[in-house]
Asks: 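Sharing a structure here in structure tokens format.
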Protein chains: 2
Amino acid sequence: MSRRQSRGTARERLAHQLRSLRAARSLSQEALADLAELHRTYVGSIERCERNVSLDNVERLAAALGVDIQDLLSPL
Amino acid sequence: MSRRQSRGTARERLAHQLRSLRAARSLSQEALADLAELHRTYVGSIERCERNVSLDNVERLAAALGVDIQDLLSPL
DNA sequence: GTGTGACTTCTAGTCCGTA
DNA sequence: ATACGGACTAGAAGTCACA
């Protein structure tokens with residue numbers, strides 16, 4: 001029924017894709033944090049949907065996972 | 001040669017798509033700002049690539065333009 | 001290895017001007 | 001209608017101690 005568009009908020013999408021892609025690579029939050037040069041707890045809080053992340057950091061996470069920025073914002 | 005991925009930084013992509021989609025709708029920066037409930041000068045600075053926008057605001061801009069978040073981050 | 005609250009520093013985002 | 005600057009406030013970035 002043409003649900004406009006918006007399968008999940010940006011935060012939810014990022015959180016989900018992050019978890020999913022990270023798991024697919026068998027990385028711990030800590031390991032991913034290192035790759036992205038971010039803090040362990042920060043990455044955790046993103047996955048818990050608690051943060052309103054800025055583009056620059058989304059970009060770093062994408063780079064760390066070897067995917068495009070858009071991939072981190074794929075609809076649920 | 002498999003240029004990993006990254007046709008433009010996230011900022012550049014957003015700036016470009018914003019300008020492009022906004023123009024396609026014949027909206028002024030001001031009008032778009034109103035729709036997205038953001039400030040006039042802020043929208044301008046985003047289009048000039050000067051800002052590291054947060055996801056929530058990317059989302060508001062996407063909603064204002066009636067597109068998905070991913071569309072605002074399409075590769076150049 | 002991860003969740004959470006509290007905290008400080010820094011910048012995102014607003015609002016005023018002027019061009 | 002847009003660019004750009006300065007001054008300001010809200011909120012993101014980033015860290016830590018403890019569960």
Side-chain angles (χ1 to χ4, degrees), chain A residues 6 8-76, chain B residues 6 8-76:
Chain A
S6 113
T9 65
R11 287 192 197 200
E12 289 168 346
R13 292 184 183 192
L14 177 62
H16 183 265
Q17 295 301 329
L18 217 53
R19 275 223 143 92
S20 164
L21 291 168
R22 184 170 65 76
R25 288 160 178 70
S26 307
L27 290 171
S28 64
Q29 290 181 349
E30 203 166 8
L32 174 58
D34 284 348
L35 286 173
E37 294 184 287
L38 293 172
H39 208 267
R40 203 205 88 209
T41 60
Y42 185 57
V43 172
S45 63
I46 294 174
E47 290 191 353
R48 262 172 278 124
C49 248
E50 296 172 359
R51 303 274 188 161
N52 181 21
V53 188
S54 71
L55 276 188
D56 284 6
N57 278 341
V58 177
E59 203 161 32
R60 296 171 84 171
L61 289 166
L65 289 166
V67 300
D68 191 83
I69 314 163
Q70 286 188 312
D71 297 330
L72 289 184
L73 297 171
S74 302
L76 310 180
Chain B
S6 113
T9 65
R11 288 191 195 201
E12 288 168 347
R13 292 185 182 191
L14 177 62
H16 183 265
Q17 295 301 330
L18 216 54
R19 275 222 143 94
S20 164
L21 292 168
R22 182 171 66 77
R25 288 158 179 71
S26 305
L27 291 171
S28 65
Q29 291 180 348
E30 200 166 9
L32 174 58
D34 284 348
L35 286 173
E37 294 184 285
L38 291 172
H39 212 267
R40 208 199 80 216
T41 59
Y42 186 55
V43 172
S45 64
I46 294 174
E47 291 190 352
R48 263 174 276 125
C49 245
E50 296 172 0
R51 300 284 186 158
N52 180 25
V53 189
S54 70
L55 274 188
D56 284 5
N57 280 340
V58 176
E59 201 161 35
R60 296 171 85 171
L61 289 166
L65 290 167
V67 299
D68 191 83
I69 315 163
Q70 287 188 311
D71 297 331
L72 289 184
L73 297 171
S74 302
L76 310 178

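So that the names make sense, note that chain A is the first sequence line, chain B the second, and so on, each numbered from 1.
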Asks: Using a distance-only criterion (donor-acceptor N/O pair, under 3.5 Å, no hydrogens), is the base of D:dC16 paired with the side chain of A:Thr41?
Replies: yes
Asks: Expressed as a whole number of angstroms, how long is the span from A:Leu32:CG to C:dG1:C1'?
Replies: 13 Å
Asks: Determine yes or no for a side-chain-to-main-chain donor-acceptor pair under 3.5 angstrom, with A:Arg19 supplying the side chain and A:Glu47 the backbone.
Replies: yes
Asks: Starting at atom CD of A:Glu47, determine the distance to atom P of C:dG3, rounded to an integer number of angstrom.
Replies: 7 Å
Asks: Roughly how many Å is it from CG in A:Leu14 to P in D:dA12, rounded to a whole number?
Replies: 14 Å
Asks: What is the distance, rounded to the nearest whole Å, between atom CG of B:Leu38 and atom P of D:dG11?
Replies: 13 Å
Asks: In whole Å, I'd like the distance from the CD atom of A:Glu59 to the P atom of D:dA13.
Replies: 13 Å
Asks: Expressed in angstrom and rounded to an integer, what is the separation of B:Gln29 atom CD from C:dC15 atom P?
Replies: 17 Å
Asks: May I ask you to decide if A:Tyr42's main-chain N or O and A:Arg51's side chain share a donor-acceptor pair within less than 3.5 Å?
Replies: no
Asks: Out of D:dA3, D:dC16, C:dG1, which nucleotide sits closest to the side chain of A:His39?
Replies: D:dC16
Asks: Could you walk me through whether A:Leu65 and A:Leu18 satisfy the side-chain contact (heavy atoms from CB on, under 4.5 Å) test, starting with their C-alpha distance in whole Å, then the side-chain angles of each, then the deciding distance to 0.1 Å, before giving a yes or no?
Replies: CA-CA 9 Å; A:Leu65 289 166; A:Leu18 217 53; 3.9 Å; yes
Asks: Does B:Arg48 place a side-chain N or O at less than 4.0 Å from the phosphate oxygens OP1/OP2 of D:dA3?
Replies: yes
Asks: For B:Asp56, does its backbone N or O pair with a side-chain atom of A:Asn52 as donor and acceptor, under 3.5 Å?
Replies: yes
Asks: Check this for me: does the side-chain of A:Arg40 come within 3.5 Å of the base of D:dG14 through a donor and an acceptor?
Replies: no
Asks: Within the 4.0 Å heavy-atom criterion, would you say B:Arg60 contacts the bases, only the backbone, or no part of the nucleic acid?
Replies: nothing
Asks: Looking at A:Asn57 and A:Ser54, would you say the former's side chain and the latter's main chain have a donor-acceptor pair under 3.5 Å?
Replies: no
Asks: So what's the dot-bracket for DNA chain D: Watson-Crick or G-U pairs under 3.5 Å, [ ] if a pair crosses, | if it pairs off-strand?
Replies: .|||||||||||||||||.
Asks: Using whole Å, what does the distance between atom C1' of nucleotide C:dG1 and atom CG of A:Leu27 come to?
Replies: 13 Å
Asks: What's the shortest heavy-atom distance between B:Thr9 and A:Glu59, and which atoms?
Replies: CA-OE2, 3.1 Å
Asks: Kindly indicate whether the side chain of A:Leu21, heavy atoms from C-beta on, has any atom under 4.5 Å from the side chain of A:Leu72.
Replies: yes
Asks: So does B:Leu73 get a backbone contact from the side chain of B:Arg13, meaning a donor-acceptor N/O pair under 3.5 Å?
Replies: yes
Asks: Are any side-chain N or O atoms of A:Arg22 and backbone N or O atoms of A:Leu27, one a donor and one an acceptor, separated by less than 3.5 Å?
Replies: yes
Asks: Sort me out a list of protein N/O and nucleotides 8-12 of chain C N/O pairs below 3.5 Å, or just none if empty.
Replies:
from   : atom 1 : to      : atom 2 : distance (Å)
C:dA12 : OP1    : B:Asn52 : ND2    : 3.4
C:dA12 : O5'    : B:Asn52 : O      : 3.4

Asks: Rounded off to whole Å, could you give me the CG-to-C1' distance for the B:Leu55 and D:dA13 pair?
Replies: 14 Å
